[in-house]
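Chain A is the first sequence line, chain B the second, and so forth, proteins listed ahead of strands; every chain is numbered from 1.
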Amino acid sequence: MLGNPLSTGEASMKVKTLILRAPGTNCDQETIEAFEEAGSRVEVKHINSLLKDPSILDEYHIFCIPGGFSYGDDLGAGKILACQLKYRLRKPIERIVSEGRIILGICNGFQALVKAGLLPGLSGLFSRQEATLALNEGGFFIDRWVYIRCEEVTRCKPLKDLAGAILHAPINHAEGRFIAPPDILDILEDDGYIVFRYVDPSGCISRGWNPNGSMNNVAGICNRDGNVIGLMPHPEKYIHPYTHPSWTRFDNILEDNCLRFFKTLVEYTYLHIL
Amino acid sequence: MAKVSVIHVREATDEELMDISRRYMLSLSLDEMKAIKAYFISIGRDPTDVELNTIAQTWSEHCYHKTFKGIIETNDGIIDNLLESYIFRVTKELSKPWCLVVFEDNAGIVRLEGDWSIAVKVETHNHPTALDPYGGAGTGTGGVFRDVIGVGAKPILSIDVLFFGPLDYPYELLPQGVMHPRRVMRGAVAGIRDYGNKMGVPTACGAIGFDEGYLCNPLVYAGCVGIMPFSRYTRKPKPGDLIVLVGGRTGRDGLRGVTFASTELTPESEKVSVISVQIGNPIEEKKLLDAIMRARDEYSEPLYSAITDCGGGGLSSAVGEMAKKIGAEVELSLVPLKYEGLEPWEIWLSESQERMVLAVPEGNIDKLMKIFREEDCEATVIGRFTSTGKLRVYYEGEVVCDLDLEFLFKGIPRVRRRAYWNPLREWDPDFPMPTDLMDILRRILSDPNVASKEWVIRQYDHEVQARVVIKPMVGIHGDGPSDACVLKPLKDSWIGVVVSCGVNPKYSRYPYKMALSVVDEAIRNNVAVGGRRIALLDNFSWGNPEREETLGALVEAVKGCYDAAKAFDTPFISGKDSLYNEYRLPDGSYRSIPGTLLITAIGIIPDIRKAITMDFKEPGNPVYVVGYTRCELGGSYYYSIMGIDSGVIPSVDLNNAKLIMDRIVEAIDVGCIRSCHDCSEGGLAVALAESSFSGGLGVEVWLSEVPRLGLVRDDKILFSESNTRFIVEVRKGMEDYFERIFYNLPYRRIGYTTREGRLVIHGVNGRVYEEDIWSLKDAWKSTFNW
């Protein structure tokens, strides 16, 4: 860790995070709490107010699209929200990416970023959808705790300090199976676009611990510049030790929760973006 | 009056009155039709179809609970209002200051901490689910969420208790018009999943049971817990306030749902009544919730003076209830419709989902409209509250309904019914003890009622909101059956809400003892994780109360609720009954569900860090049994496997039960308990097996040590289902603390946990029964390995 600048009162609260709320978003509250706990200032805005004044997006360092069922996922998970991003918020989002600020999509947010063509975005921002998150192998919604490993070699600079870490977090989705055509998948693998993979508790990639049938156990990816990040599991659900599914078994409460995921992002922002 | 027809009741004979009741699907009795006739004679005109339907909805069993509020003649005398005589009475007698709103609004409200309060409601949605499992169960969930939103609370937990026919029921034996239980179950589970998950409300508490009695009438109990600052609770609409309809649009779905729910089902129901099933859209409700929470919180006071759910009976019931003490005027042509062509009575009665009604002072209307616009949620002024004492409804300026509210709410003739109950004589049969008790244990564990429901539970989101700290599945592999769920609803406080259920239709042939047992079960599940200061909700699903024995059984169950709640010092705060859960076949024969009482218990735990789960934690810890095991195997899984239908149904020792529960909580608080599991279906044997394989540890116990009364046989000790019993794993070295707490109460140390994954049971006469815990877990998990 970098001497934790966030522990000083002056440093904290300088990082500003915007949490997007759309009709059907339902993980906004816990995502707010996670970013606050990690030392960021947080505001939450409804998409309608962003559509009215897209320049609002310029005021924030981190733009987070949390989980839920935006617009009911009626045309497929995240599809309508993706269209809103692509056709109505294009300019400010392009500015975020080019200025090196951060966009984070969790679960439904990840689905929207992929469908908008922001992730992985090999052929340029918003140009075309290069991968998808399909219906789980099991055929329906699943709630399960998984282990994910933050890859050692990635383009994702904001999460560099998390490289090698194994996070424990729940997945809660019906459409989370990461799929990409072979040529795209090869590029993602070879050029460090893959940020998180489903692993077993010891950190090894194994089919048995892949909860939804994702190709190459992919749980999260980033764009070329590493500042647009998306993942299916919900790190914001494990900020406090007591939301762990078997904390009653431990005599000493575990501290290796997912707060470090948010802290890493906020610290990077503080040091490199502000 | 173009679209409104006038029905001539003033000159109608008795026969014609009943004909009208049938033709318009009013489900009203002759007495009630005569009261309507008399009212319209007194005001000198005939009713419109809008008026007649309004009365029928308001007077339906579903809305008015006329059986519970009526006069019941029994062999022991007359009961004037079953609800007040027993259920309300116990709440009044216990008079708890933390009970803030009981039985008078959409949901019961209890205090949590400071201004924070908890609102709870459990509903039934049985009839719609029988016709359309997906839509029926989904809208049941959506409906009960709105009950909680309808007091101004934010839903934080969804509860679902389901009963279906046997999953292996032969298709060729299905009665005409009945769907196969598998289809009903898959549909109902998917409906609950899609509604709860999309609303972002965790489903973390519930049960699923199977019995042939539910073949034609599946049961869906949907419950919801919400949280709110109590200072934001308001329900005083004032004359002059605007009536604002918010949320989804109105369509032809869900017409006459409440009168439909107040009759039995038949093979014709699918054709005649499918219009009574609503079509749900959870995202519409999520927007509604977001907007209402802003209307509640954004200003110094809520922007509304009253709020209610638009559920059973539609606008007629929502507006009628709010206007009860004042009056209201509504213009139906202002109501936004899904499509053109609805007749006035259809608009007025439609139970289309995701709608609520607000009473809004005129000065607040612009602020309210702005919030709803920003949230993409429709809001429309459709009328105004008045002080006329009348419910006046217009369509395009013409009056289509003009009823005295006094008559509407007080004009219903009291129902008078007879109840008869013949107490059951019980005896315990004698039969040779089977040799392979471990095989019987495996069979009980794989019984669909007992087996793991992981296939279902994982389809429900129980993590969303990140507040569930004791989840429905616990233990070393996160798949053991938790006794109750615990929520930590407040960011800055350790206080927790503990939610659990009790239900056991296998005891329904002795309804008084069934009521004692399920209250005990709900409370002991709550206590097992550390819950206390418990409030109860009652939900009765019963058959046709016009039959004397059916009503007699209901009366017995209600008496049991009173006695148990009194003894446990646990008030009822809300409840609901669903009667007429029967299926009438063309040949005139009928099938009824077993009388089914669901008790939901809402407790609190001051510090969630002290909560306990049921999985064994470490090897070498002493294992205790608390509570007496008696010869009570009537309705047990053991006897059902042995094909025995006699036996004594478990009772509750009302003098000691509360003490035992209190001491468990005390022992949890001082930290000497490592795991605690309640004994219910399958008795000690199942509880020991579940705690073992959930914790990945073995256990070795001696049956000779089990505190028991009148039992000498290994099989009966292992499988008796006596109430008020717990298996407790005590922290090594703290045995003295634990034993001191239980001084003078029935408890014994029966063995200890082991590192080897084996369940080892020493019989009373030295016989040893042994089984691998993973093979037991396989038996438990394989039933629903779909």
Side-chain angles (χ1 to χ4, degrees), chain A residues 21-34 36-37 45-49 52 66-74 80 107 136 138-145 169-174 211 233-251 253 258, chain B residues 154 189-190 193-194 197-204 281-284 286-287 289-290 373-377 457-480 486 488 491 494 496 529 608-609 611-618 674-675 695-696:
Chain A
R21 208 158 59 76
T25 299
N26 62 29
C27 300
D28 42 326
Q29 202 53 45
E30 53 267 39
T31 310
I32 295 171
E33 285 175 22
E36 281 178 348
E37 197 89 354
K45 295 264 188 235
H46 195 280
I47 185 152
N48 289 353
S49 54
K52 225 186 255 172
F69 291 82
S70 56
Y71 300 96
D73 280 357
D74 285 345
I80 299 176
C107 195
N136 295 342
F140 42 72
F141 186 98
I142 189 163
D143 177 319
R144 178 186 291 281
W145 280 67
I171 56 157
N172 317 68
H173 60 242
H234 287 273
E236 82 282 6
K237 302 282 191 281
Y238 186 32
I239 295 303
H240 305 291
Y242 299 94
T243 54
H244 188 280
S246 47
W247 65 266
T248 57
R249 301 190 63 78
F250 311 128
D251 254 338
I253 280 309
C258 294
Chain B
K154 181 180 182 193
V189 167
R193 172 192 73 202
D194 285 358
N197 293 359
K198 289 193 171 183
M199 276 289 286
V201 180
T203 304
N281 179 5
I283 295 310
E284 195 61 59
K286 178 70 167 81
K287 291 191 283 184
L289 168 66
D290 291 346
R373 255 195 320 274
E374 285 169 359
E375 296 291 331
D376 266 352
C377 186
I457 299 169
R458 289 221 186 275
Q459 292 190 53
Y460 299 156
D461 193 339
H462 50 259
E463 299 289 348
V464 65
Q465 299 188 6
R467 284 174 162 139
V468 181
V469 292
I470 300 292
K471 302 175 200 281
M473 291 185 291
V474 296
I476 189 162
H477 295 128
D479 56 4
V486 181
K488 178 183 173 300
K491 188 169 173 255
W494 290 111
V529 303
I608 58 106
R609 291 171 294 184
I612 294 294
T613 52
M614 49 70 70
D615 45 314
F616 284 146
K617 301 297 188 302
E618 296 108 17
R674 285 299 280 144
S675 78

- Task: Please report the C-alpha distance between A:Arg21 and B:Glu375 in whole Å, then the side-chain angles of each, then the deciding distance to 0.1 Å, and finally whether the salt bridge (Lys or Arg N to Asp or Glu O under 4.0 Å) criterion is met.
- Result: CA-CA 10 Å; A:Arg21 208 158 59 76; B:Glu375 296 291 331; 2.6 Å; yes

- Query: Run the side-chain contact (heavy atoms from CB on, under 4.5 Å) check on A:Glu30 and B:Lys491 step by step: do they pass?
  - Reply: CA-CA 10 Å; A:Glu30 53 267 39; B:Lys491 188 169 173 255; over 6 Å; no

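Counting heavy-atom pairs under 4.5 Å between each of A:His173, A:Glu33, A:His234, A:Lys52 and chain B puts A:Glu33 at the top. Comparing B:Lys617, B:Glu284, B:Met473 by heavy-atom pairs within less than 4.5 Å of chain A, the highest count is held by B:Lys617. Taking B:Gln465, B:Lys287, B:Arg373, B:Lys488 one by one and counting their heavy-atom pairs under 4.5 Å with chain A, the maximum is reached by B:Gln465. Heavy-atom pairs under 4.5 Å with chain A peak, among B:Ile470, B:Val486, B:Asn197, at B:Asn197.
For the pair A:Tyr242/B:Trp494, a side-chain contact is recorded, criterion being any heavy-atom separation below 4.5 Å from C-beta on.
Taking CZ from A:Phe140 and CZ from B:Arg193, the interatomic distance works out to 7.5 Å, rounded to the nearest 0.5 Å. Within the model, atoms NZ of B:Lys471 and OG of A:Ser246 stand 9.5 Å from one another, a figure rounded to the nearest 0.5 Å. Rounding to the nearest 0.5 angstrom, the gap separating the CZ atom in B:Arg467 from the OG1 atom in A:Thr243 is 12.5 Å. Atoms NZ and CD, on A:Lys45 and B:Glu374 in that order, are 10.5 Å from each other to the nearest 0.5 Å. Note: A:Asn26 CG to B:Ile283 CD1 = 7.5 Å, rounded to the nearest 0.5 Å. The OG1 atom of A:Thr248 sits 11.0 Å away from the CD1 atom of B:Ile608 when rounded to the nearest 0.5 Å.
For the salt bridge (Lys or Arg N to Asp or Glu O under 4.0 Å) test, residues two or more places apart in sequence or in another chain that qualify with B:Arg674 are B:Glu618.
Heavy atoms closer than 4.5 Å to chain A are found nowhere in B:Asp194, neither backbone nor side chain. B:Leu289 does not touch chain A: none of its heavy atoms, backbone or side chain, sits under 4.5 Å away.
A salt bridge does not link B:Lys198 with A:Asp73: every distance from a Lys NZ or Arg NE/NH1/NH2 to an Asp or Glu carboxylate oxygen is 4.0 Å or more.
Remark: side-chain polar atoms of A:Asp143 are paired, donor with acceptor, to backbone N or O of B:His462 under 3.5 angstrom. A distance-only check finds a donor-acceptor pair linking the side chain of A:Trp247 to the backbone of B:Val469 [under 3.5 Å].
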